[in-house]
Amino acid sequence: MTATLLSVCPDLREAFVRNDYAADALLDILGEDAHAALGRSEPVPVRLACRGKGALGTLVMMFLLVDDIEEDEAARALAPVLVGAAVEAGILVRVGDGVVRAAIDIRPLDTGAGTRWVVSDLDGSMRSAPTAEDHVLGVGQASLSLLRGTPTIPADTVLDVGTGCGVQAVHAASYGRSITATDISERSMLLAAATTALNGIEIELRQGSWFEPVDGRKFDRIVANPPFVVGLGTVSHSYRDSGLDLDGASELMIEQAPRHLNPGGTAAILASWVHVDGEDWRARVASWLPDHGVDAWILQRDVADPALYVGTWMRDGGVDPRDENGAEQARAWLDHFSAARVTGIGFGFVYLRKTDHATDVLAEDLTQAFEDPLGNEAMSYFDRVSWLRENDPATTVYELDPATALERVYLPGEDGWTGEVTRVHRGNGPHWQHEVDDLGALLLGGMRRGGLTLAELVELLAGANELDEAALLDAAVALVVGLQRHGLVHPAAVPA
């Protein structure tokens, strides 16, 4: 019987478990310095650290460094998988007499529920290799961002759109009961199946474009790291190119995801959008949502200028922008951006929740460093939106979150320190900051459990400062709603 990739996965898992080919063990045998060198694609420190480390060292050099390995060493590390079976299955290739080399990337990753093994195509970081059109990307920065940004609150049914190597689907198995994953690429289906088989996880894999494989079905959670590269509407690599013009892939994903959510279901999506001269990017992304039935929290993490964006993705696809062919591709890409009046390309997270209310959208920048888990923060954000929809802030007693701090910034002036800005700062999670004036600081300082309602606090402030109470209340409600959405203030718990 000819060995196939899926047929050898149970025995390969046995080899990995026996030799402790795991995320923690990897750090232990390499040490911090060599582990950091691995992340920088510097093989020599890793190779030196693996000396004398037996089968585990061999597995690291085989799959992470793509080194040539003597067949007898490979046999000891892979047993009970035979080397010949590994070659037949496409795990190894013979490169000389008694010498083999990895043909695919298999690496341990802690996705939050212990080590999982992820199978992908070789990325060329340690040994140059061409990037095929159906290349299956491994765990890159975008994948890691989505892993950290996905809510892990339990969900009954989960859909992973554009699963690639299957890493998001495997992660979903830690919080979801039933997992379905789709991808248009036949090779993605194979490697995702290998990833799930290696980890002993049952996942429904369905090949097809976007949501077509699950037409008519609804889910409690959707996760997606789709091919969102903003381009000319052509496909050179299926893991990044959608064939849709500009940000059409993100538009399709954001527009269609709500149709496949159960009531109360949520989606966590990585997306890109263009910044068009004279237009607000927030309005552009919001226009992709229906007028009814969705709460949306859209967080822009970064904006790239067109030239940087094109150069980065050309190099990602193995194209040198300095040679003649590369220069022509860059010109066409940048001319296309220019014709569409594109001034930048934004990137970030889109969180959606299915409701039966008018659509609520908040699109904003989250460019500061923040503390994970952002996904569960999104779930809390949606809870706060629901509360605001059903309650009146003016008649509510508020309290400050324990992580909220008041900051005053002073700069040198002619007569000493001059106050420049006063703000409240959330010291955890997304680290939101809101500027406030002196009255706002006084208002927040009066908030406490068992204290006055917002309207009562405003009444006192208006009387003490001879201000129009109605106008001050309107301003106070607007301030508090923004602070509550960001978790700096909360409705106070009723004292026991």
Just do the side-chain contact (heavy atoms from CB on, under 4.5 Å) check on L246 and F337 with the steps written out, would you? CA-CA 8 Å; L246 295 177; F337 280 167; 3.8 Å; yes

For residues T115 and D24, determine if any side-chain heavy atom of one lies less than 4.5 Å from a side-chain heavy atom of the other. no

Looking just at side-chain N and O atoms, do S174 and R116 make a donor-acceptor pair shorter than 3.5 Å? no

Taking it one step at a time, do R94 and V87 satisfy side-chain contact (heavy atoms from CB on, under 4.5 Å)? CA-CA 7 Å; R94 299 189 186 278; V87 172; 4.2 Å; yes

Is there a side-chain contact between W117 and L12, using heavy atoms and a 4.5 Å cut-off? no

Any donor-acceptor pair under 3.5 Å linking the side-chain atoms of D245 with those of H336? yes

At what distance, to the nearest 0.5 angstrom, does OG of S143 lie from NE2 of H171? 12.0 Å

Using a 3.5 Å distance criterion without hydrogens, assess whether the side chain of S272 forms a donor-acceptor pair with backbone atoms of V229. no

Take atom CD in Q368; do more than 12 heavy atoms of anything else shown fall under 6.0 Å from it? yes

Could you grab the distance from atom OG of S209 to atom CG of L252, nearest 0.5 Å is fine? 7.5 Å

What are the two closest heavy atoms between L6 and A193, and how far apart are they? CD2-C, 3.6 Å

Could you give the distance from CZ (F63) to CG (L122), rounded to the nearest 0.5 Å? 10.0 Å

Inspect the contact between D360 and R353 and indicate whether a charged nitrogen and a carboxylate oxygen are less than 4.0 angstrom apart. no

Without swapping roles, check the side chain of T359 against the backbone of P290 for a donor-acceptor pair under 3.5 Å. yes

Heavy-atom nearest pair, P108 first then L26, reads CG-CD2, 4.3 Å

May I ask you to decide if the ring planes of Y351 and F349 are parallel, tilted or perpendicular, using 30° and 60° as cut-offs? parallel

Close side-chain approach of Y175 to I153, heavy-atom, < 4.5 Å: no

Which of H434, R426, E377 passes side chain to side chain donor-acceptor pair (under 3.5 Å) with H486? Answer is H434

Nearest 0.5 Å, please: how far is CG in L5 from SG in C9? 5.0 Å

Nearest 0.5 angstrom please: E435 CD to E407 CD, how far? 11.0 Å

With under 30° as parallel and over 60° as perpendicular, where do the rings of W333 and Y309 fit, or are they tilted in between? perpendicular

Looking only at heavy atoms, the pair that brings P45 and A34 closest together is O-CB, 3.8 Å

Side chains of Q484 and R384: do they bring a donor and an acceptor to under 3.5 Å? no

Any sub-3.5 Å donor-acceptor pair from R101's side-chain atoms to V93's backbone N or O? no

Take S185 and D183 through the side chain to side chain donor-acceptor pair (under 3.5 Å) test and state the conclusion after the steps. CA-CA 5 Å; S185 163; D183 203 291; 4.6 Å; no

Before giving the answer on side-chain contact (heavy atoms from CB on, under 4.5 Å), spell out for R485 and W432 the whole-Å C-alpha distance, their side-chain angles and the decisive distance to 0.1 Å. CA-CA 10 Å; R485 281 180 180 259; W432 295 115; over 6 Å; no

Taking every heavy atom of A257 against every heavy atom of L352, the minimum-distance pair comes out as CB-CD1, 4.1 Å

N/O donor-acceptor pairs under 3.5 Å from side chains in residues 259-269, not counting sequence neighbours:
unit_1, atom_1, unit_2, atom_2, d
H260, ND1, R217, O, 3.0
N262, ND2, D220, OD1, 3.1
T266, OG1, R221, NE, 2.9

Least distance between heavy atoms, P226 atom then M253 atom: CG-CG, 4.4 Å

Applying ring-ring contact (aromatic ring centres under 6.0 Å, His included), which residue pairs with at least one partner in residues 354-391 are found, sequence neighbours left out? W297-Y381

Donor-acceptor pair, S145 side chain versus Q141 backbone, under 3.5 Å? yes

Do L38 and L65 make a side-chain contact, defined as non-hydrogen atoms from C-beta onward lying under 4.5 Å apart? yes

Taking only residues two or more places apart in sequence, or in another chain, which ones meet D401 in a salt bridge (charged side-chain N to carboxylate O under 4.0 Å, His left out)? none

Does the side-chain contact (heavy atoms from CB on, under 4.5 Å) test come out yes or no for T182 and F211, once each step is laid out? CA-CA 8 Å; T182 71; F211 291 98; over 6 Å; no

Salt bridge (charged side-chain N to carboxylate O under 4.0 Å, His left out), that's the test. Do R187 and D134 meet it? Break it down for me. CA-CA 7 Å; R187 181 152 181 82; D134 63 349; 5.2 Å; no

Here the pair of heavy atoms bringing V136 nearest to C165 is CG1-N, 3.7 Å

Taking D277's backbone N and O only, do any of them form a donor-acceptor pair with R341's side chain (distance below 3.5 Å, no angle check)? yes

Is the number of heavy atoms from other residues, nucleotides or ligands within 6.0 Å of CD (E186) greater than 12? no

Distance from E88 atom CD to I91 atom CD1, nearest 0.5 Å? 11.0 Å

Is it the case that atom CG in D291 sees more than 12 heavy atoms from other parts of the structure closer than 6.0 Å? no

Is there a donor in the side chain of N376 and an acceptor in the side chain of T152, or the other way round, less than 3.5 Å apart? yes

Tell me, do L374 and L299 make a side-chain contact under 4.5 Å, heavy atoms counted? yes

Note, P393 side chain near L388 side chain (heavy atom, < 4.5 Å): yes

Can you tell me which residue among R127, M62, M61 is in a side-chain contact (heavy atoms from CB on, under 4.5 Å) with D68? R127

Can you confirm whether V342 sits close enough to V230 that some side-chain heavy atom of one is under 4.5 Å from a side-chain heavy atom of the other? no

With a 4.5 Å cut-off on side-chain heavy atoms, are F219 and V161 touching? no

Would you tell me whether D160 and T163 have side-chain atoms, one donor and one acceptor, within less than 3.5 Å of each other? yes

For E420, is the CD atom crowded, meaning more than 12 foreign heavy atoms sit under 6.0 Å from it? yes

